Every structure is written in structure tokens, then in C-alpha cells.
J.: 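One structure follows; several queries about it will come next.
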Amino acid sequence: MQMEADHVEKRNAAMKTVLLIISCALLSVGTCGGPLVMRLYFIHGGKRVWLSSWLETGGWPIIFIPIAMAYCYRRKTEGPSTKLFLMKLPLFTASAVIGVLTGLDDYLYAYGVARLPISTSALILASHLAFTALFAFILVKQKFTSFSINAIVLLTIGAVVLGLNTSSDRPEGESNKEYIAGFFMTVAAAALYGFVLPLIELTYKRAKQTITYALVLEVQLVMCLFATLFCTVGMLIDNDFKVIPREARKFDLGETRYYVVLVFSAILWQGFFLGAIGIIFCASSLLSGIVIASLIPVTQILAVIFYHEKFQAEKGVSLALYLWGFISYFYGERKHKKQKEKEKKMETEIAEKKKDTPETIQVPQQGTLATQQSQTLLGV
């Protein structure tokens, strides 16, 4: 029985590792590709911020594909009585609330991307790691090492350095006021998403049902659905649905490519959210934030290559601080992991020695001796 239990545990750990790798790959593609395609829309004539925010979660029907695959897998093992959906009402309500917050975050981020170069907005967004760490400490009691604290401080300083000269890379035709507004909206987006990630992890921990990856997909579906509904209301108020056909005809790359850009944007962003929520399930919200932030150099390089964006000294200093912070964090995590493995090995060795060592003193005898001493002291 013990061997069978160990086998099941090893298999589950292996499956979780595979899911973690897939989630990291999805998050990498979404983190780098999502902002680039969104910026492409704005560069070539797109002006609808609510539409762009809607596209960040508008691809939620894609999630039905992995949900259906998970259902088929469960049906093979559980039989015809398998439920199509696992989510209960409390978890549904929590996911809906997080979804509304995600919709607000989508708008804040889209507003920033509309007014800032990708390389700048990416660096600002990296400050979400500091917010993620703070809220992870408050909400899920995340433990920190000196290395993780050092990384957070460096990332925060990097964001401050970037903000010292906010208007040096302002796009042509954009006022200083609009640029600054985009800067602070992106900071707000980073702070809000830094709160959302630990909130998702807290929801997993407080859920009154077993959290499986199939259930995680359902949580993602509900979150994206409510985020999309939130942005749909904004689109209706801003008359985006009426403007889309006219904007498509005037798009610099052509009407057909306009819709291609919108579709690819929705797909890439859905990969981002699936990757982020998958990493939280397999590891933690802090690791999800670390992976997002660690891709900033890649996003910056792609922005310089494809959009010929400027790379000033401030960005260089910020990038150096970010890289320093990431190296510090990963080095600390690796060192901490080795220390835990060493301690666990020592505990196992001590436990095995205790099993092999015969007991020379019997507990009852000690108790009898103690009773005799007490009787003597009492004069019995």
C-alpha cells in the first residue's frame, strides 16, 4: 500500500511539473506577444481603449477546449455520472469578483499601452512584482528571504529611475499630460494585478472543495467572462461597437489585417491568463509574478526590433536593476531549496537512527523511580 501511495504521489508531482512547464510557456508567449500586438493596433490607427481592454479577456471561449478535454479524461475514470462542471457557488462568486477587478486592470493597462512605448510600459509593469510580494505577504502569508527582499527593493528602485525622465521617449503628437497619465495608469495596473495574483491564490486556499487543474480552468473561465462583461459595458458607453467598422476601413494595414490583429490579440492574452493562473496552481502567485517580470528584457528587445523604439540611459539603468533583482531572487530561491532538502535529509537520517537504536531505559521504570522518590520526600 505504501509503495502504491508513493507511486501515486510521484505521478502527481510529475504531472504538476509538466503543467508548470506548459503554464510558463503560455505565460511567456502571452507576456511578450500580447503587448506587442496591442501596441501594433494603436500604432497603425487604432484608438479604442475599451476595445483593447476587452480583447485581453475576450478570448475566454477558448477555455472550453481544455475544459472539455479534462471532462473526457474524468469521464473515463469516474464513469457516466461525471459532472460537467465542478465549481460550487462560493468559488463562483469569488471568481466573478476577481473577474471584475481583472476587467478594471485590463482597462488601466490598455490605457497605458495606448500612450507609452512598449519598452517603457513593460518596465513600469515590472513593478507589479513588488505589489505581488506585498499582497502575498498580507493575504497568503508568503515567506521571504533576504534575497527576495533585495529583489523587490531593486525592482522598485528601477521603476523610480524610469519615472525620473518620463517624457524623453514620448511618441510624436502626444502631449506631456497624456504621457504622464499613461505612466500612472500603468503603475495603477501593476498595483492592481499585484493584488489580483495573491487574491487568486487565497481563493484556492479558502475554497471549500478540492482544487484540481480542471477546476482552475473553470475559475479562469468565470474570471475572464466577468472581466469581458465589465469591458463590454465600457465599450457600450463609449460607442466602440459602432466605431469598429469605420476604424477597420481606415486602419493603416488594411481592413482584413485590422480584424486579424484583434483576433491574435485575444488569443495571445488568453495564453497569458491561462499561464498565470496555472503557475499559481502549481507553485505560487509570487512565482507567477517573477516569471512575468523576468520576460521584460525579451519584450524590450522585441519592441526595439519591430517598432524601432528608443532605448535611453534611464531604461538601461532600470533594466540592469531588474536583471540584478531577478538574479538575486532566483539565487536565493535555489539556495533556500537546497537548505530545505539538506534539513529534510538530516531529519530522515535521525528518524532512521532512532528506529535502529534499542531503548535502554523503560518509561514505566522511570515513572516508578519518580514515584518512590516522591514517597520518600513526603515521608511515606
Side-chain angles (χ1 to χ4, degrees), residues 24-47 49 52 55-56 59 109-129 155 158-159 161-174 178-179 182-183 185-187 189-190 251-254 256-273 275-276 289-327 330:
C24 287
L26 287 171
L27 186 58
S28 299
V29 173
T31 301
C32 297
L36 289 171
V37 176
M38 182 183 285
R39 185 61 182 166
L40 181 69
Y41 164 79
F42 288 113
I43 288 174
H44 292 284
K47 298 184 182 299
V49 176
S52 295
L55 290 171
E56 291 183 57
Y109 178 72
Y111 188 96
V113 172
R115 287 159 177 79
L116 300 177
I118 286 296
S119 54
T120 302
S121 62
L123 282 170
I124 298 171
L125 197 64
S127 63
H128 89 279
L129 181 57
L155 288 166
V161 169
L162 185 63
L164 294 177
N165 193 5
T166 57
S167 61
S168 60
D169 63 347
R170 185 173 69 247
E172 293 182 10
E174 186 175 288
E178 288 176 328
Y179 186 93
F183 182 91
M185 290 288 262
T186 307
V187 172
F251 196 61
D252 294 345
L253 301 178
T256 302
R257 290 182 180 178
Y258 174 85
Y259 291 109
V260 170
V261 167
L262 299 190
V263 170
F264 267 89
S265 182
I267 293 172
L268 288 168
W269 280 118
Q270 201 53 230
F272 169 87
F273 284 108
I290 287 290
V291 173
I292 295 170
S294 64
L295 293 165
I296 285 174
V298 180
T299 306
Q300 280 199 321
I301 292 169
L302 292 174
V304 172
I305 292 172
F306 291 111
Y307 300 145
H308 308 290
E309 293 183 357
K310 298 177 182 178
F311 197 86
Q312 298 95 336
E314 292 85 358
K315 292 181 183 179
V317 173
S318 295
L319 182 59
L321 289 170
Y322 285 136
L323 291 174
W324 184 7
F326 299 145
I327 292 170
F330 285 115

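What you are looking at is a predicted structure, and each value in this text was computed from that prediction instead of being measured.
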J.: How long is the span from the OG1 atom in T299 to the CG atom in L36, to the nearest 0.5 Å?
T.: 6.5 Å
J.: How far apart are the closest heavy atoms of A276 and L27, and which atoms are they?
T.: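 Looks like N-CD1, 3.9 Å.
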J.: Fit a plane to each ring of F273 and W269, take the angle between them on a 0 to 90° scale, and name the class: parallel (under 30°), tilted (30 to 60°) or perpendicular (over 60°).
T.: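 Answer is tilted, since the angle falls between 30° and 60°.
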J.: Under 30°, 30 to 60°, or over 60°: which ring-plane class applies to Y41 and F251, parallel, tilted or perpendicular?
T.: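 Parallel, since the angle between the ring planes stays under 30°.
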J.: Do you know which two heavy atoms are closest between G112 and T186, and how far apart they sit?
T.: CA-OG1, 3.3 Å
J.: Determine, step by step, whether R115 and V49 satisfy the side chain to side chain contact (heavy atoms under 4.5 Å, CB included) criterion, reporting the C-alpha distance in whole Å, the side-chain angles of both residues, the deciding distance to 0.1 Å, and the verdict.
T.: CA-CA 10 Å; R115 287 159 177 79; V49 176; 4.1 Å; yes
J.: Could you go step by step and tell me if F272 and L26 meet the side chain to side chain contact (heavy atoms under 4.5 Å, CB included) rule?
T.: CA-CA 6 Å; F272 169 87; L26 287 171; over 6 Å; no
J.: Side chain to side chain contact (heavy atoms under 4.5 Å, CB included) with I43: which residues, sequence neighbours excluded?
T.: R39, Y307
J.: Kindly determine whether L302 and C32 satisfy side chain to side chain contact (heavy atoms under 4.5 Å, CB included), including the steps that lead there.
T.: CA-CA 8 Å; L302 292 174; C32 297; 4.1 Å; yes
J.: Please answer whether the main-chain N or O of C24 pairs with a side-chain N or O of S28 as donor and acceptor at a distance below 3.5 Å.
T.: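 Yes: the side chain of S28 pairs with the backbone of C24.
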J.: What pair of heavy atoms forms the shortest contact from P35 to V113, and how long is it?
T.: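 In terms of heavy atoms, the two residues are closest at O-CG1, 4.5 Å.
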J.: Could you measure the distance from the CG atom of L40 to the CG atom of L253? Nearest 0.5 Å is fine.
T.: 5.5 Å
